[in-house]
*Asks:* 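Let me begin by handing over the structure; questions about it come next.
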Amino acid sequence: MLRYYNELNAGDEWLLMTEYENTRSFSPDRQREILARTTLARPVSKMLNIGLGIGFNGVVDTEADMWQPEWRSHQQVVLGLERNRFNFAQRLRVEQLFGRPVENEKLQQGYSFTPRTRYFLQVSYDLRKESGRRGNVAAHLWNEVYVYPFGENVFFTENQLNTGVLYQLSDAISIVLSHSWLILQNEPAVFQYGSIFRLVINQHLVLE
C-alpha cells in the first residue's frame, strides 16, 4: 500500500486533512483498492479535536472483475497526548457507507447504506530527537478495530495491528515504513488472515 497524507493547519482554529491510498496485492499481482478522503477538523483543546469529512473508496470485485464504488461520510473525535518521548493518539470514527451493490457480476443502480464504527489507538516513541523535527526516528505501534453495530451477520469485521518506523525528512515531511497483520470476519466464526506492507508519506503544512 502507498499512502499520502497531508495536514494543513490554519492557525489554531482549523485542520484540513487529505489522504490518498493505493493498494495492490502481490499474489496475484493486481490492483485491489483506492481511497481518497478529506476531513475538516476543529481543535477543542491542545489534546482534542473533532471533525467531519467525506471519502471515496473503490474496490475491485474479483469475481465480477470490476470496480465497486463506495462513498463514505464520517464524523470523528481525536485525542492526543505527549509524555517525554512517548506520543499517544486515539480516534473514534463513525462512518456512513453508501456502496453500489454487485449482483450477477453486474454493478446495480442505486446505493445501499451501512453504518460502521472504527476505533484507532497508536503509541509512538521518538528514538532520536523531538517529535516532528528533522532527523527524528520514531517507532510506531497501532491497532484499529472495525465494527458494524447493526450488522446482520457479524459485529466485528476487521482488526489491524501495525508496527512501523518513521523517519523525519524535514520539519514538514516524514515517511513511515510499516507492516500490518489483518484479521477479517465476513461470516460468523469464519476468520481470514492477511498482511499489508505500507509506505506512507506525511506532509504537515502551516498557514501563517
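What you see is a predicted model, and the numbers here were worked out from it, not measured in a lab.
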*Asks:* Between E70 and R100 (salt bridge meaning N to carboxylate O under 4.0 Å), is one present in this structure?
*Replies:* no
*Asks:* Answer with yes or no whether the side chains of N49 and Q76 bring together a donor and an acceptor at under 3.5 Å.
*Replies:* no
*Asks:* Evaluate side chain to side chain donor-acceptor pair (under 3.5 Å) for Q96 paired with S73, printing each intermediate quantity in order.
*Replies:* CA-CA 5 Å; Q96 299 80 43; S73 56; 2.7 Å; yes
*Asks:* Would a 4.5 Å heavy-atom cut-off, applied to side chains only, mark Y167 and V165 as touching?
*Replies:* no
*Asks:* Hey, does L92 have a side-chain heavy atom less than 4.5 Å from the side chain of Q90?
*Replies:* no
*Asks:* Running the 4.5 Å side-chain criterion over Ile, Leu, Val, Met, Phe, Trp and Tyr, what cluster does L207 land in, apart from itself?
*Replies:* L8, W14, L16, L40, L205
*Asks:* CD of E82 to CG of N84: how many Å apart, nearest 0.5 Å?
*Replies:* 10.5 Å
*Asks:* If you define the side chain from C-beta out and look only at heavy atoms, does anything of I54 sit under 4.5 Å from H74?
*Replies:* no
*Asks:* Would H140 and W142 count as a close aromatic pair, with their ring centres under 6.0 Å?
*Replies:* no
*Asks:* Taking it one step at a time, do N22 and Q31 satisfy side chain to side chain donor-acceptor pair (under 3.5 Å)?
*Replies:* CA-CA 8 Å; N22 184 24; Q31 183 71 41; 2.4 Å; yes
*Asks:* Give the intermediate values and the outcome of salt bridge (Lys or Arg N to Asp or Glu O under 4.0 Å) for residues R24 and E33.
*Replies:* CA-CA 7 Å; R24 294 188 64 90; E33 185 176 5; over 6 Å; no
*Asks:* Can you see whether Y4 engages N6 through a side-chain donor-acceptor pair at a distance of less than 3.5 angstrom?
*Replies:* yes
*Asks:* Do N162 and N143 have a side chain donor and acceptor closer than 3.5 Å?
*Replies:* no
*Asks:* In the structure I gave you, are the side-chain heavy atoms of R72 and R37 within less than 4.5 Å of one another anywhere?
*Replies:* yes
*Asks:* For F98 together with W71, are the ring centres under 6.0 Å from each other?
*Replies:* no
*Asks:* With a 3.5 Å distance limit and no angle check, can you tell me whether Q160 reaches the backbone of V145 through a side-chain donor-acceptor pair?
*Replies:* no
*Asks:* Are S180 and R198 linked by a side-chain donor-acceptor pair shorter than 3.5 Å?
*Replies:* yes
*Asks:* How about I175 and L177: do any of their side-chain heavy atoms sit closer than 4.5 Å?
*Replies:* no
*Asks:* Can you name the residues that form a ring-ring contact (aromatic ring centres under 6.0 Å, His included) with Y125, not counting sequence neighbours?
*Replies:* F86
*Asks:* I want to check something: taking the side chain as every heavy atom from C-beta on, are L182 and Y193 in contact at a cut-off of under 4.5 Å?
*Replies:* no
*Asks:* Among R116, R118, Q185, which residue satisfies the side-chain hydrogen bond (donor to acceptor under 3.5 Å, both in side chains) criterion with Y146?
*Replies:* R118
